[in-house]
Amino acid sequence: MSPTRQDCIARDVADPLAPHRNAFALPDGVIYLDGNSLGPLPRATPARLREVVEREWGDGLIRSWNTAGWIDAPRRVGAKIARLIGARPNEVICADSTSINLFKALAAALTLQAVRPQVSTNERRVILSERGNFPTDLYVAQGLADLLGRRHELKLVEFDDVAEAIDERVAVLLLTHVNYRTGAMHDMAALTQRAHGAGAFAIWDLAHSAGAVPVDLNAAGADFAVGCGYKYLNGGPGAPAFAFVAERHLAALAKARFAQPLAGWIGHRAPFDFDADYAPARGIDRFAVGTPSILALAALDCGVDTVLAAGTDALRAKSVALTELFIALAEERCAELGLALVTPRDAQRRGSQVSFAHENAWPVMQASIARGVIGDFRAPDILRFGFAPLYVRFVDVWDAVEALRDVLATRAWDRPEFKQRRAVT
Ligand SMILES: *Cc1c(COP(=O)(O)O)cnc(C)c1O
């Protein structure tokens, strides 16, 4: 027997994470299942931004780079994120976007391969990734391969075929830990180990992992990683992203001046020497490029705090419970209504989202959003629901399934206004 709405309310009462919902300014009448695309506004953020704008910027003016610690913000917030992803504080920096950090990390990994003593350097030309990877990751790899004179080949395989495609021709394994469409999660430790066994480096994109599932980059032996600030980290639209470089590589990279090719002045060893020649900073700072966005970092800082306050183990336990419940209720209550589960049924193999395919996925999601149940659509036919355990309640899951059932059963989606495509889906 699946749970009733009353049962769900009882689970919320017993939920140790329930008080954390209060940390967010969620609008009334909305069930927000899209925190995997844009995290909601933390209550602490507006006051903190006001303080940074009025006191630090308004009164402090340029002095605040020193007196308000602005110049250290990328490292300070990076060190907080490090605690969520199994990294040391000196291995993570906040900067730029995920796409740009990926460019930097991939370039650095390819340089490390090139300078490494090995028998068959010339043969090691493959950047291995997954066909269903998030497009920006693939575009960045394609663009970088072109820039490097087309010596590299981007090889794409299906999710389940990654392990066996790792061989001595692979220079870099470039994967997103949790797939954005399906929610399927790779075994980071096993694939990283396999990559290392073949002499390849592993770069992990944590866009759908950081703040949602426990990640232990150093236990997995990851070489590089990047991740997103505006999804589960609740940093606000376009929040700075982060980059991770394993400590052992920071030392090796110090010998290659342009290993991180976006050689900007903020990544210089001594920016305020204004030297005409580039000399990279010794540590993770060389992954900075230009002047950090202080307002955006202040908002990200507040967002990361909401996740740190809960802890990733507690978040994972509730996330698994929420996604289990959603799958069970949707399959029971929406049976025969055309939904096909796309996300792995085994909770160990998925992140914090559930995706269903439906032939009218776009208008179905628009009709659902019109009722206040906000998920999103991913082409060509995916209804995607993110379950951020900091603020999503068990009763929300029940109500969301009920709204979905009603939209499907009554064909409420079958109206012209729900069929118009918007720029952002
Ligand atoms: C969201 C996401 C990105 C976003 O990259 P931006 O540069 O911030 O636009 C990158 N990679 C993956 C896997 C994502 O899910």
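Note that the structure is a prediction, hence the values are computed from the model and not measured. We count residues from 1, following the sequence as given. Just follow the structure's listing: the first ligand is 1, and inside any ligand the first atom is 1. Below, each value reflects all heavy atoms present in this structure, side chains not excepted, and no hydrogens, waters or symmetry copies.
- For ligand 1 and Asp137, the ligand atoms under 4.0 Å from any heavy atom of the residue are 10 (C), 11 (N), 12 (C), 13 (C).
- Of the protein's non-hydrogen atoms, Lys231 NZ, 1.4 Å is the one closest to atom 1 (C) of ligand 1.
- Of the residues Arg415, Lys419, Gln420, the one that meets the side chain to side chain donor-acceptor pair (under 3.5 Å) test with Glu417 is Arg415.
- Annotation: the span from Phe287 atom CZ to Phe244 atom CZ amounts to 11.0 Å, rounded to 0.5 Å.
- In terms of protein heavy-atom proximity, atom 7 (O) of ligand 1 is nearest to Ser99 OG, 2.6 Å.
- Protein heavy atom at the shortest distance from atom 9 (O) of ligand 1 is Tyr230 OH, 3.4 Å.
- Listed by number with element, the atoms of ligand 1 under 4.0 angstrom from any heavy atom of Thr176 are 13 (C).
- Both cation-pi conditions hold for Arg11 and Phe394: the charged atom is under 6.0 angstrom from the six-membered ring centre and inside a 45 degree cone around its axis.
- Near His208, meaning under 4.0 Å from any of its heavy atoms, are these atoms of ligand 1: 15 (O).
- With His177 as reference, Val215 is the one residue of Ile85, Val215, Leu217, Asp205 to meet the side chain to side chain contact (heavy atoms under 4.5 Å, CB included) rule.
- If you number the atoms of ligand 1 from 1 as listed, the ones under 4.0 Å from a heavy atom of Ser97 come out as 7 (O).
- A heavy-atom distance below 4.5 Å is not found between the side chains of Asp381 and His358.
- Using a cut-off of 4.0 Å between Lys/Arg side-chain N and Asp/Glu carboxylate O, Arg333 and Asp406 are scored as not salt-bridged.
- Around CH2 of Trp65, the count of heavy atoms belonging to other residues, nucleotides or ligands within 6.0 Å exceeds 12.
- Annotation for ligand 1: atoms under 4.0 Å from non-hydrogen atoms of Ala207 are 2 (C), 12 (C), 13 (C), 14 (C), 15 (O).
- With respect to atom 11 (N) of ligand 1, the closest heavy atom belonging to the protein is Asp205 OD2, 2.8 Å.
- With respect to atom 5 (O) of ligand 1, the closest heavy atom belonging to the protein is Thr98 CB, 3.5 Å.
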